[in-house]
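Please read the structure below before turning to the comments.
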Amino acid sequence: MYFLLAVGALWMVVVVVVVWRVYKGFDLLSKRKGFSRDQQGRSVAIIGAGFGGLCAGIKLKKLGIPFVIYERHPTAVGGTWRDNTYPGSGCDVASLQYEFSFFRGTWSRLWARQSEILDYTMHLYNTFQLGPHTTLDACLTRASFDGKRWSLTFRRESDGGQFVTDDHSFLIIATGQLSDPQIPAVLEQSATVFRGKVCHTARWPRDLDLVGKDVVVVGTGASAIQLVPEIVDRCRKLTVVQSSPNWLFGKQDRQVGAVERFLYQFSPIRMLYRYYGLLQLDLLFAASMRQQVPSRSWTHGMVEGQFRKSMVSQMESPVNQEVLLPQYPFGCKRVLLSSEWLAAVQAPNATVVEGKAVGFAPDGIRVAKRRNVRGNDEGVRAADCEDIPADIVVLATGFRTTAFLRGMEVYNRDGEEIHTSVWADGAYAAYCGIHVKRFPNLFLLYGPNTNVNHTSILSFLEAQTENCVDTICECLERGADLVVVPESLYDAQDAAVQQGLQKSIFNAGCQSWYVSKETGRVVTNTPWSLFGYWMECVWNYDSRRMHYH
């Protein structure tokens, strides 16, 4: 009875949102409908041509504010979906939720694959004619603000040369958290010892042939979860090196039928399914990740129990359960989507090795504390390091997520560098994940505490660009040279964010890429639900509270 009432209430909320958006002409999410003041030669530099940078460019272009998008890749835009071309690469958010509210995609599957998402990105880029506003082969290395303009130093990736521009009054850095591949130092230092081939999933060679080879995949994160089921049948033997198992959510992917595709052409129907899905994800977040376990949330225990039951039903032996079933609380690390992973790692030619890769050997990779899982076989255990033979080693080791603005030096008008002043000792923070105190005219997209592990990052990026553009417009309309977040506002929100994260499941004690190893702070993930973030940083955000000079 209560379940039916909850579902009914959820549908009512979705209907209200859809009717509201239809009444507002499908532009409810835009705070600024127009901009009339002369910019007086002032423009915006956007760093990065992934989803965040493109969204910022589109919104600035609609308002007539000059901008340039600088992209480090020598030949193409597209961000993470340009780079991650490994077999099985795709999105772990449903297609209708993984698109901007102002630009519909044409999806062939319920969960889109990499190539289709990249096509959507390029369609977005070409439809809004962002090409003339984009400079490729420009990697930002240094940014210095003099009180009115930014002096930006770029390195050309193609030849290592440099160029400098001081044309821009505002700087939006949209390089994100998932752009710089993480390669453990011990593996990077010893890679030359290995006689086989090595690659990172984010740098997949197009001509890599896995057929009949002994392959080792290091890591069991989101990339490995997608890669392994795609390649296991090609390999002679596949070994997965796992530091810890993951909680899995079934991904019931399929082709989108003709009737569904027809119905999705009608905006109200499309929005009904889109917002219903987003609200469901927010409810899952509220039920299972906002509070630590076990004493603080009975809903978390219920959700974790359902996931545990589903995973156990797919395991062929108690030994496999011991190694493949997580022992940490649900949600403490990223929850992954796959309906094929458990079957793939229990295939006859697959082995899971529980331990840590500590270096390369001439004919393979060296792993500490080994434990095998292979179909219904008995577990084989050894305490010491052991070399695992391999022709090819794939590093599915993720990205450097807790080192924001890595490779860049950013200076304010007082000569302070961001990493050695407000972010000293890894204390990464930003107001709404966007504004950094004492650093005027600087805006971050996908900055500290804006990563989500439960919903669409595109909806967060859209909210962040609304915040940036609203603030820039306010600054221009006032005729001010600079805008900066008040320190009292910044510090108060940072304290509230960290207090919320201390209570969350992300701080329950397991090691993950959410937490800075230097400070112990959760620096990537957000304590907000999607709708909570929109409420805090867009709808209730008042750009007049910022300081203008």
Side-chain angles (χ1 to χ4, degrees), residues 47-48 50 52 80 172-182 184-185 221-222 243-244 285 289-292 328-329 331-335 397-410 416-439 442-455 457 460-461 463-464 467 485 487 489-530 532-533 536-537:
I47 310 302
T80 190
I172 298 176
I173 300 181
T175 51
Q177 298 182 19
L178 305 178
S179 58
D180 191 6
Q182 166 75 41
S243 59
S244 63
F285 174 75
M289 300 178 192
R290 292 289 291 272
Q291 297 290 323
Q292 291 182 12
Y328 55 84
C332 186
K333 299 176 69 172
R334 186 176 180 182
V335 179
T397 47
F399 300 88
R400 299 180 188 272
T401 58
T402 59
F404 290 90
L405 309 189
R406 185 175 180 271
M408 303 178 193
E409 294 179 355
V410 181
E416 293 179 306
E417 204 283 316
I418 194 168
H419 297 96
T420 58
S421 55
V422 293
W423 284 356
D425 302 319
Y428 300 108
Y431 183 73
C432 290
I434 301 168
H435 310 273
V436 181
K437 67 180 180 181
R438 306 208 303 268
F439 280 77
L442 173 66
F443 307 87
L444 308 180
L445 298 183
Y446 203 1
N449 297 124
T450 58
N451 180 65
V452 292
N453 72 342
H454 72 284
T455 191
I457 189 59
F460 264 69
L461 288 173
Q464 290 162 32
N467 182 296
V485 60
E487 292 199 29
L489 203 62
Y490 177 99
D491 292 337
Q493 190 188 77
D494 181 49
V497 165
Q498 291 305 314
Q499 183 179 13
L501 289 169
Q502 284 294 322
K503 298 176 183 178
S504 76
I505 198 64
F506 310 134
N507 203 44
C510 62
Q511 183 178 349
S512 74
W513 58 269
Y514 303 156
V515 181
S516 169
K517 294 180 180 179
E518 292 78 16
T519 64
R521 284 170 57 111
V522 178
V523 295
T524 60
N525 272 27
T526 179
W528 290 294
S529 65
L530 171 60
Y533 185 82
E536 174 78 11
C537 297

Could you tell me if the side chain of [Y] sits less than 4.5 Å from the side chain of [X], heavy atoms only?
X: Leu444; Y: Val436; value: yes
X: Pro527; Y: Phe506; value: no
X: Pro184; Y: Thr397; value: yes
X: Thr401; Y: Asn451; value: no
X: Gln464; Y: Cys537; value: no

Any donor-acceptor pair under 3.5 Å from Asn449 side chain to Asn525 backbone: yes
Step through it carefully: locate the ring centre of Tyr490, locate the ring centre of His435, and say whether they are under 6.0 Å apart. no
Under the rule for side-chain hydrogen bond (donor to acceptor under 3.5 Å, both in side chains), what residues qualify as partners of Gln177, not counting sequence neighbours? none
Listed by chain and number, what are the side-chain hydrogen bond (donor to acceptor under 3.5 Å, both in side chains) partners of Thr80, not counting sequence neighbours? Asn84
Could you list the residues that satisfy side-chain contact (heavy atoms from CB on, under 4.5 Å) with Thr526, not counting sequence neighbours? Val452, Phe460, Trp528
For Gln182, side-chain contact (heavy atoms from CB on, under 4.5 Å) partners two or more places apart: Arg400
Would Tyr514 and Val523 satisfy side-chain contact (heavy atoms from CB on, under 4.5 Å), going step by step from the backbone distance to the final call? CA-CA 6 Å; Tyr514 303 156; Val523 295; over 6 Å; no
From CA spacing to verdict: side-chain contact (heavy atoms from CB on, under 4.5 Å), Leu442, Val410: CA-CA 9 Å; Leu442 173 66; Val410 181; 4.2 Å; yes
Quiz: residues 419-431 side-chain donor-acceptor pairs under 3.5 angstrom, not counting sequence neighbours:
from, atom 1, to, atom 2, distance (Å)
His419, ND1, Glu417, OE1, 3.4
His419, ND1, Glu417, OE2, 3.0
His419, NE2, Phe404, O, 2.8
Thr420, OG1, Glu417, O, 3.2
Ser421, OG, Glu417, O, 2.7
Trp423, NE1, Ala429, O, 2.9

Partner residues of Glu409 under the salt bridge (charged side-chain N to carboxylate O under 4.0 Å, His left out) criterion, sequence neighbours left out: Arg142
Can you give me the closest heavy-atom contact between Cys432 and Gln493, atom names plus distance? N-OE1, 2.6 Å
After noting the C-alpha distance and the side-chain angles of Met408 and Ile173, does the key distance pass the side-chain contact (heavy atoms from CB on, under 4.5 Å) rule? CA-CA 10 Å; Met408 303 178 193; Ile173 300 181; 4.1 Å; yes
